[in-house]
There are 2 protein chains.
Amino acid sequence: MVGFALTEKETKYLMLIYRWRIESSSEVRTTDIARFFKVRPATVTEVLRNLTRKKLLVHRPYRDVDLTAKGIKEARKLLRKHRILEVFFSDFLKYDVRRSCFEASKIDYHASTSLINDICRFYGHPRTCPCKKDIFADPSCSNEDVEEE
Amino acid sequence: MVGFALTEKETKYLMLIYRWRIESSSEVRTTDIARFFKVRPATVTEVLRNLTRKKLLVHRPYRDVDLTAKGIKEARKLLRKHRILEVFFSDFLKYDVRRSCFEASKIDYHASTSLINDICRFYGHPRTCPCKKDIFADPSCSNEDVEEE
DNA sequence: CTTAAATTTAGGGAAATCCTAAATCTTGAT
DNA sequence: ATCAAGATTTAGGATTTCCCTAAATTTAAG
């Protein structure tokens, strides 16, 4: 079904690139990513290469990075998981935006899609996270039935 | 504070050994652990050696394994996290025992102690998980903001 | 006391993540 | 237009985690 599998770090990079490139319309540069994750630029280049190999990015060496349609789709799936968790932390535990994001980041990669879907369903398929950013609906998360990933 | 750090797998082994050795009073054998985790006995021996090095187990080669006081303490902490998550899944999403355990297993290692404590507090510091096994109170999770006598 | 079964030891391997040093490319100042 | 400074990539490794096979060792059953 998927055709590729992402490591945890790769998902973090993909989500970050989506937020900057798509949601903030910024140019995404290796150094910025490196600074964000507190790693060396060479490390970023390597991850970029892997995400490119998986057809999620288009990387123009020494220039910039862009998401492919597939990359955008995958990033939205990942961000949906992350943000559904934020909705939960914010509502259930009254966490502020900062903390909701922090705790969601620790488990978003490990939480199963069916778990996320159940939380999503509980909250009536919310369209935005606590900081008002979009949560894109996922076809696997319907209002009626329960299914596996 | 801790003096040791556990890998994810090590926490799984420690919890399993606690469940079998302490909660079920069984002898814990290498082969049983290997069968449970679907790995080769040699792999189990290696993990056992590492847990022993961390002073959590006493391993009598070719014979059996036992938990040290430190190992029991640590296993209870880990199982507390796991079981608090089970309480949540069971209550909030109406998961059955089997599924609560399954989903909890995926994230128990990654959920922060403060997150677990907040869920624990929400549920009034439950003493048992959905399948009635003990949840040992953790000193870091205070009762202070609960109703007084 | 023998030997089959269980276990450990020895020696590796793959994947994920990160690093340094050196090479290469881009860009802005002159 | 040129060229140095800064940004980026390449090359080559290191570490950690987790798992494996083969061979040696120990236990225990008969």
Side-chain angles (χ1 to χ4, degrees), chain A residues 2-17 20-21 26-67 71 74 78 105-111, chain B residues 2-17 20-21 26-67 71 74 78 105-111:
Chain A
V2 245
F4 59 90
L6 298 177
T7 67
E8 182 166 4
K9 276 294 175 181
E10 283 170 357
T11 67
K12 301 303 180 190
Y13 278 64
L14 195 57
M15 288 191 279
L16 183 70
I17 293 167
W20 285 355
R21 190 75 197 84
S26 312
E27 245 189 31
V28 176
R29 320 192 101 266
T30 297
T31 307
D32 297 326
I33 299 176
R35 191 166 40 240
F36 186 88
F37 288 120
K38 296 179 171 50
V39 297
R40 298 295 176 164
T43 303
V44 174
T45 303
E46 192 181 25
V47 177
L48 258 28
R49 181 168 10 96
N50 292 334
L51 287 170
T52 297
R53 185 166 44 71
K54 290 171 185 176
K55 309 283 189 222
L56 299 164
L57 297 182
V58 177
H59 183 202
R60 295 192 310 159
Y62 298 102
R63 294 184 177 279
D64 59 8
V65 200
D66 223 327
L67 291 154
E74 185 62 25
L78 294 169
S105 294
K106 294 193 171 183
I107 63 180
D108 54 10
Y109 181 74
H110 305 95
Chain B
V2 244
F4 60 90
L6 298 176
T7 68
E8 183 166 2
K9 276 294 175 182
E10 282 169 356
T11 67
K12 302 303 181 189
Y13 278 64
L14 195 58
M15 287 191 279
L16 183 71
I17 293 166
W20 285 356
R21 191 74 196 85
S26 312
E27 242 188 34
V28 176
R29 299 188 347 256
T30 295
T31 306
D32 298 326
I33 299 176
R35 189 166 46 240
F36 186 88
F37 288 120
K38 297 180 173 45
V39 297
R40 300 293 176 165
T43 303
V44 174
T45 303
E46 191 182 24
V47 177
L48 259 29
R49 181 168 11 95
N50 292 333
L51 287 170
T52 297
R53 186 165 44 71
K54 291 172 185 176
K55 310 282 189 223
L56 299 164
L57 298 181
V58 176
H59 183 202
R60 294 194 310 159
Y62 298 102
R63 294 186 177 276
D64 58 9
V65 201
D66 224 325
L67 291 153
E74 185 61 24
L78 294 169
S105 294
K106 294 193 172 185
I107 61 179
D108 55 9
Y109 181 74
H110 305 95

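In what follows, chains carry the letters A, B, and so on, assigned in the order in which the sequence lines appear, proteins first and then strands, with residues in each chain numbered from 1.
Between Val39(A) and Val44(A), the closest side-chain pair of non-hydrogen atoms falls below 4.5 Å.
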Collect all protein-nucleotide pairs involving nucleotides 12-14 of chain D in which both atoms are nitrogen or oxygen and the distance is under 3.5 Å.
none

Restricting both atoms to N or O, compile the protein contacts to nucleotides 23-25 of chain C shorter than 3.5 Å, with distance only.
none

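A distance of 9.5 Å separates CH2 in Trp20(B) from CZ in Arg29(B), rounded to the nearest 0.5 Å. For the atom pair Leu56(B) CG and Glu10(B) CD, the distance stands at 8.5 Å (nearest 0.5 Å). With values rounded to the nearest 0.5 angstrom, Lys54(A) atom NZ is found 11.0 Å from Thr52(A) atom OG1.
Summarising the geometry, the separation between CZ on Arg40(A) and C1' on dA11(D) is reported as 17 Å, rounded to the nearest angstrom. A straight line from CZ of Arg49(B) to P of dC19(D) spans 14 Å, rounded to a whole angstrom. Here the P atom of nucleotide dT9(D) and the CZ atom of Arg60(A) are 12 Å apart, to the nearest Å. To the nearest angstrom, P of dT8(C) lies 16 Å from CZ of Arg53(B). Nucleotide dT27(C) holds its C1' atom 13 Å from the CD atom of Glu27(A), rounded to whole Å. Whole-Å rounding puts the Lys38(B) NZ to dC18(D) P distance at 18 Å. Following rounding to the nearest Å, Asp32(B) (CG) and dA6(C) (C1') show an atom-to-atom distance of 11 Å. Rounded to whole Å, atom P of dA5(C) lies 14 Å from atom CZ of Arg29(B).
Listed pair Thr30(A) / dT9(D) meets the phosphate criterion, a side-chain N or O lying under 4.0 Å from OP1 or OP2. Within the 4.0 Å cut-off from OP1 or OP2 of dC19(C), at least one side-chain nitrogen or oxygen of Thr43(A) is found.
Closest to the side chain of Pro41(B), from the set dC18(D), dT17(C), dT8(C), is dT8(C). With dA22(D), dC19(D), dT9(D) as the candidates, the nucleotide lying closest to the side chain of Ala42(A) is dT9(D).
Ring geometry for His110(B) versus His110(A): interplanar angle under 30°, hence parallel rather than tilted (30 to 60°).
Between the side chain of Tyr109(A) and the backbone N or O of Leu6(A), at least one donor-acceptor pair lies under 3.5 Å.
In terms of position on DNA chain C, the residue among Leu48(B) and Thr7(A) whose nearest nucleotide sits closer to the 5' end is Leu48(B).
Heavy-atom minimum distance, Phe37(A) versus Lys9(A): CD2-NZ, 4.5 Å. The two residues Thr11(A) and Glu8(A) have their closest heavy-atom pair at OG1-O, 2.5 Å.
Across Asp64(A), Val28(A), Leu51(A), Val65(A), a single residue satisfies side-chain contact (heavy atoms from CB on, under 4.5 Å) together with His59(A), and that is Val65(A).
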